[in-house]
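Reminder, nothing fancy here: chain letters follow the sequence lines and each chain counts from 1.
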Number of protein chains: 2
Amino acid sequence: MRQTFSIGELGRRAGTKVETIRYYERSGLLPPPPRSSGNYRVYDQEHLRRLSFIRRARKLGFSLEQVRALLDMARHGDRPCDRIDAVVQEHVAEIERKIRDLQCLRHELSTLLGQCGRRKVEECRIVEALGPAPSG
Amino acid sequence: MRQTFSIGELGRRAGTKVETIRYYERSGLLPPPPRSSGNYRVYDQEHLRRLSFIRRARKLGFSLEQVRALLDMARHGDRPCDRIDAVVQEHVAEIERKIRDLQCLRHELSTLLGQCGRRKVEECRIVEALGPAPSG
DNA sequence: CTTGACCCTGTAGGGACTACAGGGTGGATA
DNA sequence: TATCCACCCTGTAGTCCCTACAGGGTCAAG
């Protein structure tokens, strides 16, 4: 009764390209599945669960290294999850840094846009502003 | 009276590693400078200006491709700068998309953290939530 | 004359994929 | 049975933006 599927089907279900799945296998994130008589990879629900975990974590911005750590922690179901908590918390802090950086950047660029009033490139404040700091 | 300097000095002035400068030269972003008798690269103020432009644009998040386009537009000083404007505007839109994504992400992760109350990994909502969507 | 800081070229690595090339497999159709 | 096509396989190379060597040459100071 155990449902199995090909790499293409797994890809469709998890929203992942076939090449990416093979790449995860090469990188040790997904265990090598059994093969059919024709040497095709044969996956089951457990593989789908694991791949979905990886994709979701990746969409949330975790690096493959972090995903590896999370999967590793998740394997030891009997330990307290403080460490998972810590990984996530560190990641949130990182995201907040990125948001601040981008907001600052947007502000700078908007200012640039405001200064440029359809003149010629010669006098364009954007080009100027991107140049070296005055007497740096 | 024209001031010249070595690649190391240029790097110090523009806050760039020597390897990166050579990489920009290989990629056609910086013109190959003249060489000294001992085959050392010899740079001047114009190179510094151009490199500073590149570094600043990079810090503002432009891709090298975009930088190339900006430099190219800047070369034609007689044309209106609408197109530079457009490049910058598109970039701002991109940044705003990224900010929204990250804010959404932070929200999701914070929610996860709030749910996880120092239980064991087995029941950790974080691990669960990262798994496949319920009956997806 | 030797030391040490700098410079040169060329190549490989990294992260996270993506895109072939060149072949094999499996099921439907003519 | 032949043919077609979608799918699968491996292996390698490319993307982006650097970064880090290895194995040498140059130059100024001591």
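Residue contacts shown for A:Ser6 are limited to sugar-phosphate atoms, with no base heavy atom under 4.0 Å away.
Here the shortest heavy-atom pairing between B:Ala57 and B:Val67 reads CB-CG2, 3.8 Å. Pairing each heavy atom of B:Leu48 with each of B:Ala14, the nearest pair is CD1-CB, 4.1 Å.
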Starting at the 5' end of nucleotides 18-26 of chain C, put B wherever the base has a protein heavy atom under 4.0 Å, S where only the sugar-phosphate does, and a dash everywhere else.
BB----BBS

List the atom pairs, with distances to 0.1 Å, where a side-chain N or O of residues 24-38 of chain B and a protein N or O form a donor-acceptor pair under 3.5 Å, not counting sequence neighbours.
unit_1	atom_1	unit_2	atom_2	d
B:Tyr24	OH	B:Arg55	NH1	2.7
B:Glu25	OE1	B:Arg41	NE	2.8
B:Ser27	OG	B:Tyr23	O	2.5
B:Arg35	NH1	B:Asn39	O	3.1
B:Arg35	NH1	B:Asn39	OD1	3.3
B:Ser36	OG	B:Gly38	N	3.3
B:Ser36	OG	B:Tyr40	N	3.0

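Checked against D:dC8, C:dT9, C:dC17, the side chain of A:Leu64 finds its nearest nucleotide in C:dC17.
At least one side-chain heavy atom of A:Ile95 sits less than 4.5 Å from a side-chain heavy atom of A:Ile99. The shortest side-chain heavy-atom distance between B:Arg68 and B:Leu71 does not fall under the 4.5 Å cut-off.
Taking five base pairs at each end of the helix from C:dC1-D:dG30 to C:dA30-D:dT1 and finding the rotation axis that steps the C1' atoms of four pairs onto the next four gives two axes whose angle is 30°, to the nearest 10°.
Across the protein-nucleic acid pair, B:Ile21 atom CD1 and C:dC7 atom P stand 9 Å apart, rounded to whole Å. Counting to the nearest Å, the P atom of C:dC6 and the CG atom of B:Leu10 are 15 Å from each other. Here the P atom of nucleotide C:dC7 and the CD atom of B:Glu25 are 14 Å apart, to the nearest Å. The distance from atom CZ of B:Phe5 to atom P of C:dC7 is 13 Å, rounded to the nearest whole Å. Between the P atom of D:dC17 and the CD1 atom of B:Ile54 lies a distance of 12 Å, rounded to the nearest Å. Counting to the nearest Å, the C1' atom of D:dC9 and the CZ atom of A:Arg41 are 7 Å from each other.
Under 4.0 angstrom from either OP1 or OP2 of C:dC17 there lies at least one side-chain N or O belonging to A:Tyr24.
Using a 4.0 Å cut-off between a side-chain N of Lys or Arg and a carboxylate O of Asp or Glu, B:Glu19 and B:Arg22 do not qualify as a salt bridge. Ion pairing of A:Arg49 with A:Glu46 is present here, as a side-chain N (NZ or NE/NH1/NH2) and a carboxylate O approach within less than 4.0 Å.
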Could you please spell out the steps behind the salt bridge (charged side-chain N to carboxylate O under 4.0 Å, His left out) verdict for A:Glu65 and A:Arg58?
CA-CA 10 Å; A:Glu65 210 39 66; A:Arg58 286 289 300 132; over 6 Å; no

Salt bridge (charged side-chain N to carboxylate O under 4.0 Å, His left out) assessment of A:Glu9 paired with A:Arg13
CA-CA 6 Å; A:Glu9 184 58 26; A:Arg13 294 194 189 207; 3.0 Å; yes

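Taking the nucleotide of DNA chain C with the nearest heavy atom to each of B:Ile7 and A:Ser63, the more 5' of the two is matched to B:Ile7. Positionally, the nearest nucleotide of DNA chain C for B:Gly8 lies more toward the 5' end than for the other of B:Gly8 and A:Arg58.
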